[in-house]
J.: 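Submitted below is the structure of interest, expressed as structure tokens.
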Amino acid sequence: MTAPPSETIRAALAEAASRLGASTVDVAVERPRDPTHGDLATNLALTLAKALAEKPRAIAERLVANIQLPSGLVRKMEIAGPGFINFFLAEAQVVGALPALLAAGSTYGRSDVGQGRPVNVEFVSANPTGPLHVGHGRQAALGDAIASLLEWTGWRVSREFYYNDGGGQITNLAHSVQARIAQLRGRTVAIPEGGYHGEYIREIAERYLAAHPKDAGGADLDAIRRFAVEALREEQDRDLQAFGVRFDVYSLESALYTDGKVDETERRLVAAGHTYEKDGARWLRTTDFGDDKDRVMRKSAEKGGDYTYFVPDVAYHVTKWERGFTRAINVQGADHHGTVLRVRVGLQALEMGIPDGYPEYVLHQMVTVMRGGEEVKISKRAGSYLTIRDLVDEVGRDAVRYFFLMRKSDTHFVFDVDLAKSQTEENPVFYVQMAHARMSGIFRVAARDPESVQAIGADLSSLTQPEEIELIKELAEFPETVQRAAAALEPNRLTTYLEGLARVAHAWYHKYRVLGEPEEAARLVLARAVRQVLANGLTLLGIRAPERM
RNA sequence: GCGCCCGUAGCUCAGGUGGAUAGAGCAGCAGCCUUCUAAGCUGUUGGUCGGAGGUUCGAGUCCUCCCGGGCGCACCA
């Protein structure tokens, strides 16, 4: 494989610049937004203006006069605007991308920028106190897609789910179930203050009674707690399964206590000298690390003497570090952004060489659901719920995933149920999948296996229509798009790309026929390439690429 | 009050880590449907990028302040 045109041009520009007497500089070769500005462009003359004490356009002219490019690469060079140099690639160059694309097949778009380094991606991490709601759905889609993007760019990824099964919310859950049990036994007992009211609590109470005939009175709070947590974990697993999300590792907060990791973390923090006692509690001096006030890490005796939540959180991240994850990414709801600083500060206070940006965070904003032009109200306290499984059942897994991925995570997201269900091209998932199905349809009608179509040996010179050249350029951008999306941890860049590619593909499909045309052989190559890239992009995001709709 | 995020066409949103005249879809307007899927297609109207300063050759993008919206600010998690 030869170097991509942008690299060749970059090197040639650097050489031309040194011929002009410029000391070594970074040469930027970018794709202009406006296609009339060529396929590639450089601002080199502008950045050299100061050093050479010369007008940018004059420098540009000398660069163009001095540059040496292999023949057949560039069809035209022009100087434009304040001093940009625009390069127009020869069409044969563009079409030349197809053989490598087909040869790579389902691996086209993969790269090795991660070099096999390990990365831990933690997401969902819901408390086992209720079913997974739509917010968790956004997180599941995001986390899974980010993990896949990292895999595609050469990272060794571990997907991890962390159960907060140790804190006060779990006690709260146990008391709520206990109250329901009492109600089932005919006693009038209120759900405790701040407790869980959902219908699922009653179901758990019923199942507990059926499974524990010896505790008909519901006196064994510990047994109730274990039972409820177990039941809800199974429930959440089923939700995630329906959504097609799998994890490599499940970590339990409770295990951090039984393993002594929490105690050990406290000891290390004390040893590092960033703690003090006040009002009967033990504090961590987080202000040493940029927090606006110090935080209690162990409550006073009259408050129970427990650790506050962030000590196990810190202990948990220590285990990630000690398990060899030099990189860790946490996907969380933005309502937890307060914990970001505290976890990082706790890790810094341990002074064990963990970098201060560890772990990285991807925070997502809230989700609201619209149906029939009205907001679907969700209230956890009142127990009115729209679970991730409800949503998947109603609109389908592909649409749910795609919708959660198509917007930047840090903007509030409105999930339009009617649009997601719509079988028209206004629906972006349908639009992209349809493009794949159309390409597949060509091969179905031709009664040919797409895999049997090869670019090597095929005469691609008949691919000369502007739509075809544009389509191939779009296909060639896929690997870089994957890399940029992975680097930014933004899957929405990929959905945006896929919609753009689908748009060009639909336009081409409508304007030109493939079968029975003189260009059939070459166009079959292009159709296979389009189908392949659409399939790769969709598969990466966990969405099906259907043969027909 | 303090911190984080958001503000781009009538609506929903892109905008590749500072580039050239701001980009899509929907809605609107004008045309078009005998084909491998019309479950549409083509063309077109529409913008003081919330506001004001600043940084520099160049700002939707970076910095400061202000306005508007969301989310946090516990010995809850």
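Excluded from the calculations below are hydrogen atoms, water molecules and symmetry mates; all remaining heavy atoms, backbone and side chain alike, are included.
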J.: On the six-membered ring of Y163(A), is R233(A) placed so that its NZ or CZ lies under 6.0 angstrom from the centre and within 45° of the ring axis?
T.: yes
J.: Specify the glycosidic conformation (syn or anti) of rU64(B), with syn defined as within 90° of 0.
T.: anti
J.: Classify Q423(A) by what it touches in the nucleic acid, base, sugar-phosphate, or nothing, heavy-atom distance under 4.0 Å.
T.: base
J.: Just compare rC6(B), rA77(B), rC26(B) and give me whichever is closest to any side-chain atom of E426(A).
T.: rC26(B)
J.: Of the nucleotides rG25(B), rG60(B), rA77(B), which has the atom closest to the R503(A) side chain?
T.: rG25(B)
J.: Please confirm whether any donor atom in the side chain of R33(A) sits under 3.5 Å from an acceptor in the base of rG60(B), or the reverse.
T.: yes
J.: Out of rG15(B), rA20(B), rA39(B), which nucleotide sits closest to the side chain of N86(A)?
T.: rA20(B)
J.: Give the nucleotide from the list rC13(B), rA39(B), rG60(B) with an atom nearest to the side chain of R407(A).
T.: rC13(B)
J.: Is the F404(A) to H364(A) ring centre distance short of 6.0 Å?
T.: no
J.: What nucleotide, of rC75(B), rC26(B), rA39(B), holds the atom closest to the side chain of D279(A)?
T.: rC75(B)
J.: Taking the same atom, C1', in rU37(B) and in rG58(B), what whole-Å distance lies between them?
T.: 48 Å
J.: With a non-hydrogen cut-off below 4.0 angstrom, is Y361(A) in contact with a base, only sugar-phosphate, or nothing?
T.: nothing
J.: Has Y509(A) got its ring stacked on rC36(B), by the test of a centre gap below 5.5 Å and a plane angle below 30°?
T.: yes
J.: Can a donor-acceptor pair under 3.5 Å be found between the side-chain atoms of H510(A) and the base atoms of rG40(B)?
T.: no
J.: My understanding is that only residues two or more places apart in sequence, or in another chain, count here; which of them pass ring-ring contact (aromatic ring centres under 6.0 Å, His included) with Y162(A)?
T.: Y316(A)
J.: Hey, which sits more toward the 5' end of RNA chain B by its nearest nucleotide, Y431(A) or A334(A)?
T.: Y431(A)
J.: Between rA14(B), rG15(B), rU37(B), spot the one nearest the side chain of R493(A), thanks.
T.: rG15(B)
J.: Indicate, with a heavy-atom threshold strictly under 4.0 Å, whether E480(A) touches base, sugar-phosphate, or nothing.
T.: nothing
J.: Mind checking if R438(A) touches a base, just sugar-phosphate, or nothing, with heavy atoms under 4.0 Å?
T.: sugar-phosphate
J.: Could you tell me the separation between the CG atom of L44(A) and the P atom of rA20(B), rounded to a whole number of Å?
T.: 18 Å
J.: Just name whichever nucleotide pairs with rU64(B), Watson-Crick or G-U, keeping both distances under 3.5 Å, else none.
T.: rA52(B)
J.: Between the side chains of R342(A) and Y309(A), does any donor sit under 3.5 Å from an acceptor?
T.: yes
J.: Provide the Watson-Crick or G-U wobble partner of rA39(B), both distances under 3.5 Å; none if there is no partner.
T.: none
J.: Could you work out which one of rC41(B), rA20(B), rC36(B) sits closest to the side chain of E425(A)?
T.: rC41(B)
J.: rA20(B) base stacked by F84(A)? Criteria: ring centres under 5.5 Å, plane angle under 30°.
T.: yes
J.: If you check every side-chain atom of R548(A), which of rC75(B), rA14(B), rU37(B) has the closest atom?
T.: rU37(B)
J.: How many whole angstroms separate atom CD of E474(A) from atom P of rG23(B)?
T.: 15 Å
J.: What pair of heavy atoms forms the shortest contact from L489(A) to R327(A), and how long is it?
T.: CD2-NH2, 4.0 Å
J.: Is A28(A) touching bases, backbone alone, or none of the nucleic acid, heavy atoms closer than 4.0 Å?
T.: nothing
J.: Does the distance from a Lys or Arg side-chain N to an Asp or Glu carboxylate O, for E61(A) and K55(A), drop under 4.0 Å?
T.: no
J.: Just the rounded figure in Å: distance from P of rC6(B) to CG of D335(A).
T.: 16 Å
J.: I want to verify a distance call: between rG19(B), rA39(B), rC36(B), whose nearest atom is closest to the L46(A) side chain?
T.: rG19(B)
J.: Can you tell me whether the side chain of N43(A) and the base of rG19(B) have a donor-acceptor pair closer than 3.5 Å?
T.: yes
J.: Using atom CD of E253(A) as one end and atom C1' of rC76(B) as the other, report the distance to the nearest whole Å.
T.: 12 Å
J.: Relative to the 5' end of RNA chain B, which residue comes earlier, V445(A) or K293(A), by the nucleotide with the nearest heavy atom?
T.: V445(A)
J.: Considering only rA77(B), rC4(B), rA14(B), which nucleotide approaches the side chain of Q169(A) most closely?
T.: rA77(B)
J.: Taking rG18(B) as the reference, what is the distance to rC49(B) when you measure between their C1' atoms (whole Å, please)?
T.: 16 Å
J.: Establish, with yes or no, whether the OP1 or OP2 oxygen of rC57(B) is under 4.0 angstrom from a side-chain nitrogen or oxygen of K55(A).
T.: no
J.: Could you state the CE-C1' distance from M406(A) to rC26(B), rounded to the nearest angstrom?
T.: 12 Å
J.: By a 5.5 angstrom centroid cut-off and a 30 degree plane limit, is there stacking between H336(A) and rG72(B)?
T.: no
J.: Checking all strands, does M439(A) fall into the base, sugar-phosphate, or nothing category for heavy-atom contacts under 4.0 angstrom?
T.: nothing
J.: Under 4.0 Å between a side-chain N/O of K303(A) and OP1 or OP2 of rA74(B), yes or no?
T.: no
J.: Is the H506(A) ring parallel, tilted or perpendicular to the Y431(A) ring (thresholds 30°, 60°)?
T.: tilted
J.: Tell me whether the rings of F161(A) and Y250(A) are parallel (<30°), tilted (30 to 60°) or perpendicular (>60°).
T.: tilted
J.: Provide the Watson-Crick or G-U wobble partner of rG28(B), both distances under 3.5 Å; none if there is no partner.
T.: rU44(B)
J.: If rG3(B) has a Watson-Crick or G-U wobble mate with both distances under 3.5 Å, name it; if not, just say none.
T.: rC71(B)
J.: Between rA77(B) atom C1' and Y257(A) atom OH, what is the distance in whole Å?
T.: 10 Å
J.: Mind checking if S300(A) touches a base, just sugar-phosphate, or nothing, with heavy atoms under 4.0 Å?
T.: base
